[in-house]
Amino acid sequence: MEYNFREIEQKWQQKWVEEKTYKVVEDNSKPKFYVLNMFPYPSGAGLHVGHPLGYIASDIYARYKRLQGFNVLNPMGYDAYGLPAEQYAIQTGQHPEKTTFQNIDRYREQLDKIGFCFDWDREVRTCAPGYYKWTQWAFQKMFNSFFCNKCQSAQPIEKLIERFEEKGTEGLDVAQTENLTFTAAEWKAMDEKQKSDTLMNYRIAFMGETMVNWCAGLGTVLANDEVVDGVSVRGGFPVEQKKMRQWCLRVSAYAQRLLDGLDTIQWSDSIKETQKNWIGRSEGAEVEFKIADSDESFTIFTTRADTMFGVTFMVLAPESELVEKVTTPEQKAAVEEYIKYVKGRTERERMIDHKVTGVFSGSYAINPFTGEKNPIWISEYVLAGYGTGAIMAVPAHDSRDYAFAKHFNLPIIPLIEGADISEESYDAKEGIVCNSPRADVKPYIDFSLNGLTVKEAIAATKKYVKEAGLGRVKVNYRLRDAIFSRQRYWGEPFPVYYKNGIPTMIPEECLPIELPEVDKFLPTETGEPPLGNATVWAWDEVNKKIVENTKIDNKTVFPIELYTMPGFAGSSAYYLRYMDPHNNEALVSKDADEYWQNVDLYVGGSEHATGHLIYSRFWNKFLFDLGISCKEEPFQKLINQGMIQGRSNFVYRIKDTNTFVSYDKKDGYDVTPIHVDVNIVSADVLDVEAFKAWRPEYETAEFILNDEGKYICGWAVEKMSKSMFNVVNPDMIVEKFGADTLRLYEMFLGPVEQSKPWDTNGIDGCHRFLKKLWKFMTNEETLSPTLPHNGEGDHAACSSTTNTPNGLPIMGEMSKGQRGSKEELKALHTLIKKVTADIEVFSYNTSIAAFMVCLNELTKLKSTNREVKEALVILLAPFCPHLAEELWHLLGHTTTVCDAPWPAFNENYLKEDSVKMMVAFNGKARFPLEFPADVTKEDAEKAALANPQSAKWMEGFTVAKVIVVPGKMINVVLKK
RNA sequence: GCGCUUGUGGCGGAAUUGGUAGACGCGCUAGACUUAGGAUCUAGUAUCUCUGAUGUGCAGGUUCGAGUCCUGUCAGGCGCACCA
């Protein structure tokens with residue numbers, strides 16, 4: 001019987017659908033396990049072989065957990081809203097809805113061919129009204145909340161209003177945009193609009209006039225993680241800073257919790273580190289400096305409070321509001337010119353070359369520690385958005401200040417004993433402090449840091465600053481609030497309308513506000529939202545209702561928010577929706593949430609480290625504060641699958657000809673390398689005829705072949721992309737080798753977390769293994785002589801209780817149940833141990849190697865034992881589900897292999913005579929022996945070998961090496 | 001500049017976590033069966049000056065013993081970055 005994978009795979013895929021094998025329901029009698037893949041953007045290019053890598057890895061784990069008796073949730077859906085989907089639609093000149101749905105169908109078709117155990121009844125699409133209702137709902141909840149710093153959690157905005165009525169902002173400690181102060185009386189005196197504007201300062205979802213990343217090429221604003229090196233991640237269009245009125249999420253309020261939460265989750269160090277960098281916590285002090293000959297003062301932020309005595313000048317960010325206040329009439333022209341220069345520089349220019357530039361403002365600040373007057377400068381190296389936008393410069397111990405001081409010839413005072421600052425600043429936080437205060441000047445205050453270490457000095461200064469009322473201890477974060485609105489069409493509409501210019505939430509019962517049809521959905525360079533083109537709005541109906549309820553003039557039409565939400569809105573809480581995807585009353589029911597808790601295993605690319613993985617954690621923490629999600633962290637364990645890179649092939653055309661020369665003959669010719677479709681190249685040998693047929697211009701191509709008459713292509717590892725003709729489509733692999741081979745091969749390629757180029761060369765090995773396995777399981781010569789077991793007796797290898805209902809003899813003559821031989825069981829249990837341990841740590845490639853070894857062993861033994869075969873099939877089921885089902889079926893089972901019990905490992909089969917002898921799989925072995933300290937090495941060695949017990953263990957082996965550790969132990973290394 | 005991470009045959013990668021380095025697969029070599037093989041099977045395959053020696057990017061160290069631990073260094077990949 002041939003291994004007919006096409007027939008087998010088709011048959012079982014159909015069965016799984018018919019029998020809803022992968023449907024999962026909450027079941028309190030079983031422990032739960034939640035496996036999740038980052039859901040894909042359904043892009044136009046379809047899936048390539050890189051996409052399923054993570055899906056296969058998690059599918060194996062999900063199936064394994066199910067075999068172990070867990071109730072496994074493994075859902076899939078589509079992140080359909082947002083820029084990528086819309087850009088594709090624009091490029092192909094179609095409506096995004098149409099292309100998105102087409103792409104989803106294509107993805108689904110491709111996914112179905114690989115045999116995943118997704119519960120498709122739970123599919124979500126972020127662009128479905130039933131789904132984004134809850135995105136809009138969450139936004140409204142954020143709008144109606146503020147963040148209390150003291151209790152570190154979100155609170156209803158009503159609480160804040162009550163407090164304002166009572167005592168204004170007195171003693172207020174909440175997350176805010178600006179530090180406002182007003183009394184209860186002032187609050188009460190505000191009109192509705194003023195109150196609304198004031199509350200925006202505190203809401204978690206708020207409208208703010210902020211500096212945003214404006215991308216004219218995409219016609220929208222972008223979040224920080226969507227901009228890299230001054231250009232948009234999507235499309236690479238230039239991005240400029242612009243002040244705009246935008247919706248924002250106060251992610252920064254959760255900075256500390258986002259940081260602390262990292263300690264409670266099992267993510268890789270590199271992702272945690274990336275998030276820590278992105279959050280950018282720095283502990284320091286804010287110190288107030290008075291401006292000389294003025295009543296004004298300003299605050300600086302520093303992490304080096306110990307360097308207060310080394311300040312020789314101050315620097316303000318050019319954008320700082322203080323600039324105007326400190327500029328003296330004499331300096332006005334120079335300052336204005338400088339500001340003009342800074343404004344003319346793009347973000348990108350500023351980032352790439354760090355020019356030392358600046359201008360003196362004319363004013364001085366009084367150093368509260370020395371009483372000295374320090375000149376106030378203005379320079380672009382100080383950022384308006386970080387800290388207070390003002391710094392104290394300590395050139396001796398900060399490289400940027402040092403460069404500035406040298407350039408403008410400002411004084412440099414060293415503060416650390418022995419620090420050499422003749423060539424560069426001494427930035428290390430190490431050493432003994434001196435010159436604080438300097439011996440040659442009269443102390444201004446009764447405070448000295450001399451003789452302390454830097455660390456002690458920082459602590460001492462902070463304490464002093466606080467006690468003397470000069471400032472306060474402050475923690476700063478780099479993490480910025482997320483800009484949440486986009487001037488785009490393909491996204492969730494905001495559930496917001498404007499009542500007399502005041503942003504107002506649409507009543508919850510009217511959600512969702514559906515995305516309207518528009519004629520023109522293209523973005524505009526000026527930022528006019530495409531939703532303005534809508535002629536028919538679901539909003540119209542809602543508007544009517546609101547108008548009726550409020551008893552205003554029936555003809556009143558309130559304007560609705562025309563911005564849409566960004567891509568990350570819909571992807572931030574989708575894992576919660578999978579728990580209860582059809583619930584129309586709540587995002588997720590209490591019961592479902594408490595059953596599934598949070599995602600146990602999350603699999604996806606590391607490129608989402610500072611985007612989705614921050615937003616999701618923020619979003620979930622907010623919902624946790626509201627009591628919607630019972631777990632503070634959404635993703636307990638995270639695995640980042642590596643990227644599959646493409647392996648491009650090249651042909652070499654001799655310049656100005658249509659002649660192509662083989663790679664090994666190309667030296668001596670002037671050639672142009674040209675990408676060639678990898679699908680017409682096999683093992684770097686070009687299919688010449690296929691090449692001629694590939695494109696019309698190559699029809700008449702001529703070739704200089706190598707000595708063997710072959711055309712050899714060059715190759716390079718590049719990103720897998722259409723333009724490099726190196727895209728390998730999973731469908732083609734499935735067609736040629738089958739889904740089980742694809743699954744096996746993708747896992748065999750190497751560790752899941754490692755990036756690697758796709759290389760089809762090794763795929764035969766995996767396919768060959770499956771063919772051998774098939775042969776072994778079905779070969780007439782090794783037919784099982786045993787009956788299908790029916791629960792009697794103990795089955796050490798497989799404790800299955802699944803009976804063969806009709807008792808039909810399958811696979812040849814059956815006789816009474818029989819134990820596997822010692823050797824068979826040893827091979828099997830070595831495999832059970834290895835596979836079980838490896839799956840737990842996602843080391844699938846080594847599991848597969850163990851399968852190959854085990855099969856070899858069993859084939860050599862001509863094993864015919866049924867319990868061994870059954871166990872083997874179950875172990876295989878996570879990796880190659882189709883084949884496992886078929887074999888399970890051939891073994892006489894009518895139930896799915898998915899519900900078989902995972903074989904239990906029994907150590908006894910690997911032990912010899914119950915001693916501590918470890919027999920490794922490939923024939924290596926060693927065992928320890930104790931021996932007294934006063935015996936010489938040689939004697940110990942002899943004694944060990946002469947020991948009757950040792951002799952027994954050594955049976956069948958030869959001694960490769962004896963390792964003697966005097967007084968400790970002896971290891972005898974054996975080999976077969 | 002700061003941080004994380006990876007360096008092992010011709011290639012992808014193993015190594016019981018400190019104990020025979022190179023499992024397993026690809027490729028390659030020889031042989032068998034074949035009209036044929038890009039099918040299948042068997043044997044071999046780290047290197048060298050080959051009865052021996054050398055080998056896990058490089059240089060040291062700890063240890064009876066180091067791919068594994070420590071110190072330094074080089075190279076690649078990733079993240080953050082005029083963040084005070």
Subject >> Atom pair distance, as rounded to whole Å: CD in A:E746 and P in B:rG25 >> reply: 20 Å
**OP:** Counting heavy atoms from C-beta on, name the nucleotide in B:rC26, B:rC4, B:rG79 closest to the side chain of A:N277.
**Re:** B:rG79
**OP:** Using a heavy-atom cut-off of under 4.0 Å over every strand shown, decide if A:P757 touches base, sugar-phosphate, or nothing.
**Re:** nothing
Subject >> B:rA32 - base-pair partner by Watson-Crick or wobble geometry, distances under 3.5 Å >> reply: B:rU40
**OP:** Send over the distance from A:D764 CG to B:rG37 P, rounded to a whole Å.
**Re:** 17 Å
**OP:** Using a cut-off of strictly less than 4.0 Å, decide whether A:N845 has a side-chain nitrogen or oxygen near OP1 or OP2 of B:rA14.
**Re:** yes
Subject >> Candidates B:rA81, B:rC26, B:rG25 - which lies nearest the side chain of A:M852 >> reply: B:rG25
**OP:** Would you kindly give the CG-to-P distance between A:D838 and B:rU16, to the nearest whole Å?
**Re:** 11 Å
**OP:** Kindly say if A:Q754 contacts the phosphate of B:rU6, meaning a side-chain N or O under 4.0 Å from OP1 or OP2.
**Re:** no
Original post:
In whole angstroms, how far is the P atom of B:rU16 from the NE2 atom of A:H829?
Top reply: 23 Å
**OP:** Could you classify B:rU17 for me, syn or anti, using a glycosidic angle within 90° of 0 as syn?
**Re:** syn
Original post:
Would you call B:rC74 syn or anti, using the 90° rule around 0?
Top reply: anti
Original post:
Does the side chain of A:W278 come within less than 4.5 Å of A:L613's, by heavy atoms?
Top reply: no
Original post:
CD of A:E607: more than 12 outside heavy atoms within 6.0 angstrom?
Top reply: yes
Original post:
Which nucleotide, B:rC24, B:rA84, B:rA14, lies nearest any side-chain atom of A:A849?
Top reply: B:rC24
**OP:** Sorted by first residue and then second, give each salt bridge (charged side-chain N to carboxylate O under 4.0 Å, His left out) pair with at least one member in residues 383-398 of chain A; sequence neighbours left out.
**Re:** A:D398-A:R400
Original post:
Which value, in whole Å, describes the distance between the P atoms of nucleotides B:rG38 and B:rU6?
Top reply: 41 Å
Subject >> Pairing nucleotide - B:rC69, Watson-Crick or G-U, each distance under 3.5 Å >> reply: B:rG61
**OP:** Indicate whether the side chain of A:S252 and that of A:Y477 have a donor and an acceptor atom separated by less than 3.5 Å.
**Re:** no
Original post:
Are more than 12 heavy atoms from other residues, nucleotides or ligands located less than 6.0 Å from atom CD of A:E2?
Top reply: no
Original post:
If we only count heavy atoms from C-beta on, is the A:F737 to A:L742 side-chain gap below 4.5 Å?
Top reply: no
**OP:** Would you kindly give the CZ-to-C1' distance between A:F289 and B:rA84, to the nearest whole Å?
**Re:** 12 Å
**OP:** Using atom CZ of A:F404 as one end and atom P of B:rA84 as the other, report the distance to the nearest whole Å.
**Re:** 18 Å
Subject >> Under 3.5 Å on both distances, the Watson-Crick or G-U partner of B:rA14 >> reply: none
**OP:** Assign A:L749 to base, sugar-phosphate, or nothing according to its heavy-atom contacts below 4.0 angstrom with the strands shown.
**Re:** sugar-phosphate
Original post:
Nearest to the side chain of A:F748, which nucleotide is it out of B:rG25, B:rA39, B:rC80?
Top reply: B:rG25
**OP:** Tell me what A:K276 touches on the nucleic acid: a base, only sugar-phosphate, or nothing, going by heavy atoms under 4.0 Å.
**Re:** nothing
Subject >> Flag side-chain contact, heavy atom, 4.5 Å: A:L470 against A:F369 >> reply: yes
Subject >> Rounded C1' spacing from B:rG13 to B:rA46 in Å >> reply: 15 Å
Original post:
So which nucleotide does B:rU51 pair with, by the Watson-Crick or G-U wobble rule with both distances under 3.5 Å?
Top reply: none
Original post:
Considering every strand shown, what is the Watson-Crick or G-U wobble mate of B:rC80 when both distances are under 3.5 Å?
Top reply: B:rG1
Original post:
Any chance the side chains of A:T741 and A:Y3 put a donor and an acceptor closer than 3.5 Å?
Top reply: no
Subject >> Nearest-Å distance once atom P is located in both B:rU73 and B:rC80 >> reply: 25 Å
Original post:
Whole Å only: how far is the OH atom of A:Y426 from the C1' atom of B:rG1?
Top reply: 16 Å
**OP:** Side chain of A:P751 only, please: which of B:rA81, B:rA84, B:rG13 is the nearest?
**Re:** B:rG13
**OP:** Determine, for nucleotides 41-46 of chain B in 5'-to-3' order, which nucleotides have protein heavy atoms under 4.0 Å from the base (write B), from only the sugar-phosphate (write S), or from neither (write -).
**Re:** S-----
Original post:
Between A:F748 and A:Y745, is the gap from one ring center to the other below 6.0 Å?
Top reply: no
Original post:
Between B:rG12 and B:rG7, how far is it from one C1' atom to the other, in whole Å?
Top reply: 15 Å
**OP:** For B:rU45, give its Watson-Crick or G-U wobble partner with both distances under 3.5 Å, or none.
**Re:** B:rG27
**OP:** Taking only the side-chain heavy atoms of A:K771 (C-beta and beyond), determine which of B:rA14, B:rC24, B:rA39 contains the nearest atom.
**Re:** B:rA39
**OP:** Hey, which sits more toward the 5' end of RNA chain B by its nearest nucleotide, A:D398 or A:R478?
**Re:** A:R478
Original post:
So which one's nearest nucleotide on RNA chain B is more toward 5', A:S606 or A:S270?
Top reply: A:S270
Original post:
Under a 90° cut-off about 0 for the syn range, is B:rG9 syn or anti?
Top reply: syn
Original post:
Rounded to the Å, how far apart are A:D269 CG and B:rG3 P?
Top reply: 14 Å
Original post:
Within the structure shown, what part of the strands sits under 4.0 Å from A:V382 by heavy-atom distance: base, sugar-phosphate, or nothing?
Top reply: base
Subject >> Distance-only donor-acceptor check, side chains A:E380 and A:T357, under 3.5 Å >> reply: yes
Original post:
Using a cut-off of less than 4.0 Å, is there contact between a side-chain N or O of A:Y386 and OP1 or OP2 of B:rA84?
Top reply: yes
